[in-house]
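Have a look at the structure below before the remarks.
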There are 2 protein chains.
Amino acid sequence: MKTTLKREITSGRILDAAYRAIAARGWGAVTLREIAEESEVALSQLSYYFGNKDGLFAAVLERMQREYAENLAAKLRNATSFQERLERLIDYNRLLLKENADLYRNFLEFFNFAMASPEFKKQVTAFLAGIARAIEEQITQKQKSNQKLASFSSSAITHFILSASFGISLQHLLTPKNKDVEAGFDLIKTALGIVFSADAKDATRIS
Amino acid sequence: MKTTLKREITSGRILDAAYRAIAARGWGAVTLREIAEESEVALSQLSYYFGNKDGLFAAVLERMQREYAENLAAKLRNATSFQERLERLIDYNRLLLKENADLYRNFLEFFNFAMASPEFKKQVTAFLAGIARAIEEQITQKQKSNQKLASFSSSAITHFILSASFGISLQHLLTPKNKDVEAGFDLIKTALGIVFSADAKDATRIS
DNA sequence: AAATAAATCGGACGTTCGTACTAGTTTGAG
DNA sequence: CTCAAACTAGTACGAACGTCCGATTTATTT
């Protein structure tokens, strides 16, 4: 018991330090010595627990993915309508950006890194596809007749929300003070809301 | 004459090689020796022309910005309505993504890098603000009464388009085969088109 | 043609990186 | 109490990096 506890404590501290270091200076610029110092652990411990630098990188990514997915699932749990789910997805992304900007910062880092590494590319792609699918699954049953969005698949709409959220976040990270950037989240809602209200004339409920 | 010519040829070749190398492997992983070899130039030439690695990086970024801005300006030149300008902006981004994916790839790299470097952050921020302003300038005179978008400033709309375009591009770079991602561009148009048509009942021209 | 400037080149320097190695310490089961 | 396994710590090494410098070639000017 204590063994695993110790293991988790140490490796967890390393992961935390790595997470913070990546957000602060970028993965390429971060050194293992830096992470070791910040986590108050000997350098050799990093090799011991994660093998090599790529292994540590992958571990950080994996934990980020898991946390994001779990939190998102919790947010969506008792949401009924598709529109409500979309709204919560958007709100979730917005909340993360405000209260956990490092997460987005690191996601960007990983995305960026993935483009040069086929292995990570596969992982990041699978992650995105997983989120998209989770949202999409609850669309098909709800969205039946929609004039304005008829030409767009549910997958396209989902990907659009993800894309836009991420783009907004990216810009927000660069210019956190610009309120017009953050307004993009509202714009997604308004735009899609209008779109969806096309076939909801009879039931115009505002959640 | 020949002097300046030679200078431009050599430095241009270095910039080209750097540009390609960044797109292929990322700035952090790229080495000056790699760039020197690909541009068939001695390693010391890079220092000679660009001082140091950061200088070369900045030069590549500067050229990218100039080209993007110039091409965009050309695309927007004889567009009249605001809606037409927006559409061309979106189409331009879409075209770049298809025919010049490296540009987006490198923009992402720069954005990423900027987050860890206050100096580059300022430059990238100014670049984004410049594009946004260029578009925005032609909004205020056109957009007067719009019910649905009344609560959104023209700046917010512009930033939204930039954000969404960039987010879509980012996802497209990861999964180029997914057509649903690219459909995001159409979704922007549809969403904004519907939004705008609210006050265009009298003149519903399709450009 | 001589002289000055610009451009190019190869090589070497010092630093820092990721990784590997080994000896010492702690831990928990038999 | 013993001992093997898990863990920690310090150190060292080879490689690769950005940068710098002197010599050489090429071009321009006087």
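Predicted model, so just to flag it, every value in this text is computed and none were measured. Chain A is the first sequence line, chain B the second, and so forth, proteins listed ahead of strands; every chain is numbered from 1.
- The two residues A:Leu103 and A:Tyr68 make their nearest non-hydrogen contact at CD2-CD1, 4.1 Å.
- Dense packing is recorded around NZ of A:Lys121, with more than 12 heavy atoms of other residues, nucleotides or ligands lying under 6.0 Å away.
- The interatomic distance linking A:Leu46 (CG) with C:dC17 (P) rounds to 13 Å, in whole Å.
- A:Leu43 comes within 4.0 angstrom of a base, heavy atoms only.
- For NZ of B:Lys53, the number of neighbouring non-hydrogen atoms (other residues, nucleotides, ligands) closer than 6.0 Å is greater than 12.
- Counting heavy atoms from C-beta outward, A:Glu62 and A:Leu15 have side chains that stay 4.5 Å or more apart.
- Of all the residues in residues 47-57 of chain A, A:Tyr48, A:Tyr49 reach under 4.0 Å from DNA chain D with at least one non-hydrogen atom.
- Going from atom CD of B:Glu37 over to atom P of C:dG11 covers 15 Å, rounded to whole Å.
- Among D:dT8, D:dA12, C:dC9, the nucleotide with an atom closest to any side-chain atom of A:Arg33 is D:dA12.
- Put simply, CD on B:Gln45 is 12 Å from C1' on D:dT25, counting in whole angstrom units.
- In terms of heavy-atom proximity, B:Gly184 sits nearest to B:Ile168 at C-CD1, 3.4 Å.
- Not one side-chain nitrogen or oxygen of A:Ser44 sits closer than 4.0 Å to the OP1 or OP2 atom of C:dC21.
- Rounded to whole Å, the distance from CG on A:Leu32 to P on C:dG18 is 4 Å.
- If you take CD of A:Glu34 and P of C:dT19, they are 15 Å apart, rounded to a whole angstrom.
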How far apart are the C-alpha atoms of A:Phe57 and A:Phe113, what are their side-chain angles, what is the distance that settles it, and do they pass the ring-ring contact (aromatic ring centres under 6.0 Å, His included) test? CA-CA 10 Å; A:Phe57 191 66; A:Phe113 193 78; 4.6 Å; yes
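- Within residues 15-28 of chain B, no residue approaches DNA chain C, by heavy-atom distance under 4.0 Å.
- Between B:Glu8 atom CD and C:dA6 atom C1' the separation is 15 Å, expressed in whole Å.
- Looking at A:Glu37 and A:Arg33, no side-chain N of the basic residue comes within less than 4.0 Å of a carboxylate O on the acidic one, giving no salt bridge.
- Residues B:Asn112 and A:Phe111 are not in side-chain contact: their nearest non-hydrogen atoms beyond the backbone lie 4.5 Å or more apart.
- Look at CD1 on A:Ile9: it is 15 Å from C1' on D:dT8, rounded to the nearest Å.
- The line from CG of B:Asp91 to CG of B:Leu96 is 11.0 Å long, rounded to the nearest 0.5 Å.
- Rounded to a whole Å, the CD atom of A:Glu40 is 15 Å from the C1' atom of D:dT8.
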